[in-house]
Enquirer: 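Please see the structure below; I have some questions.
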Amino acid sequence: GTADVAYCSNVCTFKLMSNLKNKIVLPTGHRGDSAVMNGIAGHDQAEEADSKQDGSADAEDANEQEVIVIQDTGFTVKIQAPGTEPFDLQVSPQEMVQEIHQVLMDREDTCHRTCFSLQLDGNVLDNFAELKSIEGLQEGSLLKVVEEPYTVREARIHVRHIRDLLKSLDPSDAYNGVDCNSLSFLSVFTDGDLGDTGKRKKKGNELEQIDCTPPEHILPGSKEHPLVPLQPQNKDWKPMQCLKVLTMSGWNPPPGNRKMHGDLMYLYIVTVEDRHVSITASTRGFYLNQSTTYTFNPKPANPSFLSHSLVELLSQISAAFKKNFTALQKKRVQRHPFERIATPFQVYSWTAPQSDHAMDCVRAEDAYTSRLGYEEHIPGQTRDWNEELQTTRELSRKNLPERLLRERAIFKVHSDFAAAATRGAMAVIDGNVMAINPGEETRMQMFIWNNIFFSLGFDVRDHYRELGGDAAAHAAPTNDLNGVRAYSAVDVEGLYTLGTVVVDYRGYRVTAQSIIPGILEREQEQSVIYGSIDFGKTVVSHPKYLELLEKTSRPLKVQHHAVLNEKDTAVELCSSVECKGIIGNDGRHYILDLLRTFPPDLNFLPVEGEELAPESQKLGFPRQHRHRLACLRQELIEAFVEHRYLLFMKMAALQLMQQKANKDKTAALHDTSTADAESESKPQALEASEKVPDGMPTSPTSSESTLTPDDSEATSEKSAPENQEAPADLKSANTNGTHESSAAEKQNGGCDSLLKGKEADENIPGLAQAKELAESLAAEDGSGIDPKSREVVLNACKAVGSISNTSFDIRFNPDIFSPGVHFPDDSTDDIQKQKQLLKDTAAFLVSCQIPSFVKDCLDHSSLPMDGATMTEALHQRGINVRYLGTVLEFVDNMPAKAQIEHIYRIGISELITRCAKHIFKTYLQGVELSALSAAVSHFLNCLLSSFPDAVAHLPADELVSRRKSRKRRNRVPGGGDNTTWASLTPSELWKNINSEAQSYYHFSLQWPVATRLSFYNFDSRHKPAFTEEDILNIFPVVKHVNPKASDAFHFFQSGQAKVQQGFLKEGCELINEALNLFNNVYGAMHVEICACLRLLARLNYIMGDHPEALSNQQKAVLMSERVLGIEHPNTIQEYMHLALYCFANGHLSTALKLLYRARYLMLVVCGEDHPEMALLDSNIGLVLHGVMEYDLSLRFLENALAINSKYHGPRSLKVALSHHLVARVYESKAEFRSALQHEKEGYTIYKNQVGEAHEKTKESSEYLKYLTQQAVALQRTMNEIYKNGSNASIMPLKFTAPSMASVLEQLNIINGIIFIPLSQKDLENLKAEVQRRQLMQNSGKIEEQQAGQLELDDKLPVDD
């Protein structure tokens, strides 16, 4: 978006604070494209009510409102700008006038105007008014664009906007990582032939014109891996030069007497024709003056060409400007909006082409006028971040429109805050910000910039001495950020957290936080009214905080507990002791220092006198870690509690069954039954449960329980009398339960204990009763329930470590094992329980979660492609990366290790990279700014190049005067001895990496390192691989909170669920709705919108709407490139999907280009040896087969066959399919012997795996017969030729190029079943079959088996 957009949205945020009715302008600034983005302006909302399964009046209300907010019918107004024909513009009533301004500033014919008002019948419209509030504005009204006089601010905005227009096609901002620009290369490969119209430039038979040969470096087995194609040259970027120089003149600011003539500022311009001119910006517009470089003469030149717009003035004095500017704007508006909209958070590129540094006045001005964002345009100068962050949280959220407004405001402020904090952190480390405690040594300093507080990740004043010093101080900010994320997600009214961003830059970790009002004026001791500032020596509490934190206790699984303060009196807490509560001067209750929100990880916290569970000990835990702050991830806590809940249900069910059985056997045994049940160990118990027949009558007490659709709050009527046996009612009635609270229930915060949406394994008899029993216990005072059953629940609760005896409720005490925290004596039992729970959780991580991760990799339901996706996969299962060594050992000892070799390889390189990163961090801290590029290139040479003695190039004493620099050395954080870094050698670095792997990951690396890396072209032994010229820039790594669009996300999930059940149309509508809401909250660019678009495209495709699929998928690719990065594994997947839809739409050459691009990216990211590569190569092979490039096709298909055999085992159905595809190509080449050989292999696999009678096996045997006939016919013909020479009568043989339909069918098969195992419910088969038939009407054979598997499952990575 243009510069002003950012400023507008800030002003709007301000307006929003004062006047909550207003709508924030989205940061996109391209209202004109919003219809394109949503792509679904008016669509029917019948399904909505079903989707919001709330059942409550509130939801009904929300639905009605919602229709208003999203479906308000638009109307058309006419716009008349000076010098242009009036044109129509579609607007919607709840837009602001401001948004029409944005559209006009983006339109080709009005883009050069910034300073104007819109008038209706001579009345000026207020920029921040909503259109529906303007009297007399209706369908067909004429709005006039009226030029307004400039002010200095407006003149600056104008110049900045013109500069943005001139640079609109220049990618340098994206390469430099500024202003939320990022790269996108899709248009290079599609040549713009995916236009909205889909009309082709060239008609006629495409086959003749396709050049299918891929570039040499992407052929299977190629040894070359160039980096240049990663960023192909976009021909549009060859800049059309409009001006040589546009800059502020040295004569600024105007002297007093000229100010009184209306001069605002002076510009200096050199045109392409080399004419040097000086321009005055005055209140009336722009004109030439008579100043030169050395003489000041502000009088107008003759002619002065006074123009209200700078563009008009320049067009008059330079013909080249006029021509090129027009051409440039034409190109600019042709680009897809997604190529130019700003992303919500900055994405950085790790490579960039060498580019020339051009003169740019705005960039220079930005750098020197310490312009904090756009703050000088805003009343009150700098933004009060804390006020903005907290006010947006306080917005009302009663119905959908309010929630959307609130979430949009929160998201917008967060992304602005992250950008400002990043800028500030870099300024701090670069030494451009004055410390607030300048007397202290550099690592102790703290900074304030732009109302944000910055501190460095070092152990200041021995704060963390007992926890691991600097290592702990480095880990604490990220732990704290995770805490902030968790508390903001729970979103309790009245409890506030600080805006927090953690930035790693040049080896330093900087924490940026918003400032609590009043905190700087008083001492910390006075302000903390809850928690402890000295790790538990003195502890205070506060009833209001306990009440607020109590609300977070259940979702975050934090136990309410007491600790002793220095006077040995017990103090009640509902968080860890470090968590501090401070009431700001604004009266809000803030919590900060949330680094111990989640419980400690005992596997990495050796405690004297404590034994871990055998599962942990067997693997060599507990291990010594760098610091004592290692804590478990929230995902692990959730998984563990869910695991325990199932266990709880099973145990209760078994005991009930046993009581029943014993009661039936003899009354004598009756008393001991529960004891038996308890002593029964779990495996036996489970066997017992399987012996009991399913239809058995249930326990003595069966209470009818009703569940709200929410599946959580339950009520129960009076229990049935003892003697009456009620049959098990497995399906609970689905009515709206009212729900009587009880003391027991209040104490443990409601009875949501049933995990939502999780159906317990209902096949275990007794589970249903157990469920009902648990519910009735929670919902009543328990008077109607017989003691036996109560005992059952009590036993089950004890067994799983629940904190309540009457219902399932697991929570953790985060202070266990914190040094310096003491507990009162009366809670010893409780503390013992908690310790046991922590040991169990630690054991659960290594004995359940790690194996389940490896199993998912083994059956390819999880397919990490690089370190980042692997880390993500581990995190989703709650496994911290410090377990990477353990995971790798587990993989290494697998019998099927060969089938997950890719995981091992990715894991090893991730481990090496992370070790190198740890070393690099401290290495960088000792480098001063002037030697940075030399030091970085030297480090990379030591790490990657096989050049034996990488000698560092000390920067040539360009300008170093030794004497002067001595004094100032210690001012900047990076001011160590400035040449120690140069002594690093490769062997020393690799020794350090080895020992780092050993000490941090407890993993020993054994292999000759040099051979591993010769993959790159780093093995020239004569010169180092990197020189300092190769290091272009150093970017920060930024971690921040990701606010969610909750309503949109629910729509998305219910849409996904519908699709999984086979209701494609309903699913499609829900997902369209979700897309709408996502756009409402996040603006046009976001990872979640990307997932939404991809799923929509897939649904469009399955339902036969190929053009729509293409258009949605194109957006998904663009967005993935922009938001995740051009070589992110998701982007590669998006390219593959797009290629399929292109093929289906008949764009064959584009489909190939896209597949080639995907293959190139995959080679860069994970190399050829990866199971995903088989899918990609099968796709490429099929398309090449379709365009009759048989030899090339075989290269790719045979490679796919090899990879499939390696990763899926030679007998898998995937391999059979691969054999079949290869056979088809051989058949087309008339090489029947090879074809037969492959098809036989395939047939054998089918016969062994699915049996003779199976559809696939029959099909394969049919095909074998056909091939045999063809082979015989060919042989006959050959014999005939040999016998009779040239005059033989030859039967014409049928050599057919495969029809496009049959190729598409095979493409669908390989892309559709890739994520789904072969056996699926027939129901789904049927549903998909119908869709499939419609899709495939013209393609003859329908592959019955795959029908169900057709792309119903899309493994959507929903980003956490």
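Sequential numbering from 1 along the given sequence is applied to the chain's residues. Worth knowing before you read on, the calculation uses all heavy atoms, side chains too, and leaves out hydrogens, waters and symmetry mates.
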Enquirer: What residues, two or more places apart in sequence or in another chain, satisfy side chain to side chain contact (heavy atoms under 4.5 Å, CB included) together with Pro1107?
Expert: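 For Pro1107, the residues satisfying side chain to side chain contact (heavy atoms under 4.5 Å, CB included) (neighbours in sequence not counted) are Asp1105, Asn1145.
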
Enquirer: Taking only residues two or more places apart in sequence or in another chain, which ones pass side-chain hydrogen bond (donor to acceptor under 3.5 Å, both in side chains) with Ser1178?
Expert: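 For Ser1178, no residue satisfies side-chain hydrogen bond (donor to acceptor under 3.5 Å, both in side chains) once neighbours in sequence are set aside.
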
Enquirer: Would you say the side-chain atoms of Tyr1141 and Asn1112 include a donor-acceptor pair closer than 3.5 Å?
Expert: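 Their side chains do not contain a donor-acceptor pair, so the 3.5 Å distance test is not met.
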
Enquirer: Is the closest side-chain donor-acceptor distance between Glu1172 and Tyr1207 under 3.5 Å?
Expert: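 No, no side-chain donor-acceptor pair sits under 3.5 Å.
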
Enquirer: Between Lys1258 and Glu1255, does any side-chain N to carboxylate O distance fall below 4.0 Å?
Expert: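 Salt bridge absent between Lys1258 and Glu1255.
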
Enquirer: Could you pull out all residues at least two apart from Glu1198 that satisfy salt bridge (charged side-chain N to carboxylate O under 4.0 Å, His left out)?
Expert: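 Salt bridge (charged side-chain N to carboxylate O under 4.0 Å, His left out) list for Glu1198, sorted by chain: empty.
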
Enquirer: Please identify each residue that fulfils side-chain hydrogen bond (donor to acceptor under 3.5 Å, both in side chains) with Asn1248, with sequence neighbours left out.
Expert: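 Per chain and number, Asn1248 pairs via side-chain hydrogen bond (donor to acceptor under 3.5 Å, both in side chains) with no residue.
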
Enquirer: My understanding is that only residues two or more places apart in sequence, or in another chain, count here; which of them pass side-chain hydrogen bond (donor to acceptor under 3.5 Å, both in side chains) with Lys897?
Expert: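 Per chain and number, Lys897 pairs via side-chain hydrogen bond (donor to acceptor under 3.5 Å, both in side chains) with Asp892.
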
Enquirer: Which residues pass the salt bridge (charged side-chain N to carboxylate O under 4.0 Å, His left out) test with Arg877, sequence neighbours left out?
Expert: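 In terms of salt bridge (charged side-chain N to carboxylate O under 4.0 Å, His left out), with neighbours along the sequence ignored, Arg877 is linked to Asp856.
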
Enquirer: Could you work out, with side chain to side chain contact (heavy atoms under 4.5 Å, CB included) as the rule, every residue matching Ser1260, not counting sequence neighbours?
Expert: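 Here the qualifying residues are Glu1239, Tyr1243, Tyr1246.
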
Enquirer: Please list, chain by chain and in numerical order, all residues satisfying ring-ring contact (aromatic ring centres under 6.0 Å, His included) with Tyr1226, sequence neighbours excluded.
Expert: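 With neighbours one apart ignored, the set is His1238.
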
Enquirer: With sequence neighbours left out, what residues match Glu1134 under salt bridge (charged side-chain N to carboxylate O under 4.0 Å, His left out)?
Expert: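 Checked Glu1134 against salt bridge (charged side-chain N to carboxylate O under 4.0 Å, His left out); matches are Arg1094.
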
Enquirer: Could you tell me which residues satisfy salt bridge (charged side-chain N to carboxylate O under 4.0 Å, His left out) with Glu1241, sequence neighbours excluded, listed by chain and number?
Expert: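 So Glu1241 forms no salt bridge (charged side-chain N to carboxylate O under 4.0 Å, His left out) with any residue.
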
Enquirer: What residues form a side-chain hydrogen bond (donor to acceptor under 3.5 Å, both in side chains) with Lys1206, not counting sequence neighbours?
Expert: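 Checked Lys1206 against side-chain hydrogen bond (donor to acceptor under 3.5 Å, both in side chains); matches are Glu901, Asp1169.
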
Enquirer: Nearest 0.5 angstrom please: Lys1214 NZ to His1208 NE2, how far?
Expert: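 One gets 4.0 Å once the value is rounded to the nearest 0.5 Å.
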
Enquirer: With ring centroids as reference points, do Tyr1263 and His1220 lie under 6.0 angstrom apart?
Expert: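 So the answer is yes for these two rings.
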
Enquirer: Could you list the residues that satisfy ring-ring contact (aromatic ring centres under 6.0 Å, His included) with Tyr1156, not counting sequence neighbours?
Expert: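 Listed in chain order: nothing, the list is empty.
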
